[in-house]
A.B. asks: 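Would you mind keeping the following structure in view while I ask a few things?
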Amino acid sequence: MTMFESYSLDSRTLAGPLEARLSAIREAGFAKVMLDARDVVNHPGGVAGAVAALRASGLRPAGLQSLHDFEGLSGPLHQYKVEVAKGMLQTCAQVGAPRLLVSASTLPQASTDLARLAADLHKLAMLAVPLGLQVAYKALSWGQSVRGFLDAWDVVSDANCSNLGLCLDSFHMFANGDSLDDLIELEPERIFQVQLSDVMGEVPEPTAPSQTTRSLRVFPGQGAHSEQLADLVLRLARLGYSGDYSLDVSNDDYAQLPAQHVAAQARQSASWLNDDVLHRAAPLPHWTRTTTGAR
């Protein structure tokens, strides 16, 4: 079986004990897993038990997610979040993950001053340095002030830390209406992670999480936005991105299915991305020239 070295499947996408999920991911041909922090700390054996399960599976961790609502706070709230961040960074190091994923703040009391946000992320990145970790910052379409990937890039650039970079999430990019033409503004080596998912139907408006985010997200190539996803991946390849793609599909329906069944769907998606999109010289047969033409 072909092993997908540059693709990972999110542990929270599958149901069941962590050991069963890791086994299903490995059997489906993935070499990596994107770990959800709750899956690690909720293991019956604690973090040590989760680490043992990960090592026994043969999978490598692509990262640990996610630290939420960290930046832009003050006073006791800021100190509280700093302690939360320290704990998550320690967990990230314990499981051997190379990076911690950080989602842009959604709190109404968070500052909208990008310089302030950059200063907080600089502090977080410095906390990660002694542990040898990267920090990957992700815009949220319903975020307080960082909703598009260019907003996140401005903050990351201002923070100016070599171990601080971007996490691009296709769901939030499309929900926010980000222009893929703006990808040219990014430095590929500062893109630390790319998360991909598709949607059955229209991408929701950039508001709080909706039913669409819980039950209508599907794997890339299986929803209504395959052409946009393929365009995104091809543009990133032309930009020079050579990092990982994580299939990040939280879906209430998948939570009621056997892990092996869902992992098999993920394998089909990874095959589509790897073979049909990235490795095929000609456009997919149903594409139009405006979708696939060089830009």
A.B. asks: Taking 4.0 angstrom as the limit, do D39 and R12 come out as a salt bridge?
C.D. replies: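 Answer for the salt bridge query: no.
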A.B. asks: Do S23 and E27 meet the criterion of a side-chain donor-acceptor pair at a distance under 3.5 Å?
C.D. replies: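 Note: S23 and E27 side chains meet the donor-acceptor criterion.
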A.B. asks: Check this for me: does any side-chain nitrogen of one of K81 and D120 sit under 4.0 Å from a carboxylate oxygen of the other?
C.D. replies: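 Here K81 does not pair with D120 in a salt bridge, since their nearest N and O are not under 4.0 Å apart.
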A.B. asks: Using only heavy-atom distances, determine whether the side chains of S57 and R26 contain a donor-acceptor pair under 3.5 Å.
C.D. replies: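 No - no donor-acceptor pair under 3.5 Å links their side chains.
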A.B. asks: Report the residues that fulfil side chain to side chain donor-acceptor pair (under 3.5 Å) with S170, sequence neighbours left out, ordered by chain and then residue number.
C.D. replies: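 Result, side chain to side chain donor-acceptor pair (under 3.5 Å) vs S170: none returned.
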A.B. asks: Do the side chain of N163 and the main chain of A125 share a donor and acceptor less than 3.5 angstrom apart?
C.D. replies: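 Confirmed, N163 side chain pairs with A125 backbone.
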A.B. asks: Can the ring centres of Y254 and F219 be said to be less than 6.0 Å apart?
C.D. replies: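 Between F219 and Y254, which both carry aromatic rings, the centre distance is below 6.0 Å.
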A.B. asks: Main chain of D154, side chain of S157: is a donor-acceptor contact present, judged purely on distance under 3.5 Å?
C.D. replies: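 The answer is no, because no donor-acceptor pair under 3.5 Å joins these two groups.
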A.B. asks: Taking only Lys NZ, Arg NE, NH1 and NH2, and the carboxylate oxygens of Asp or Glu, determine whether D151 and R147 approach each other closer than 4.0 Å.
C.D. replies: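 A salt bridge is absent here (no side-chain N lies under 4.0 Å from a carboxylate O).
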A.B. asks: Within the distance-only criterion (no hydrogens, no angle test), does the side chain of D158 pair as donor or acceptor with the backbone N or O of A118 below 3.5 angstrom?
C.D. replies: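 It does not hold such a pair.
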A.B. asks: Should the pair E5-R60 be classified as a salt bridge under the 4.0 Å nitrogen-to-oxygen rule?
C.D. replies: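 Looking at R60 together with E5, the answer is yes, because their closest N to O distance falls below 4.0 Å.
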A.B. asks: Just checking, any donor-acceptor pair under 3.5 angstrom between side chains of Q195 and H172?
C.D. replies: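 Per modelled atom types, Q195 and H172 side chains form no pair under 3.5 Å.
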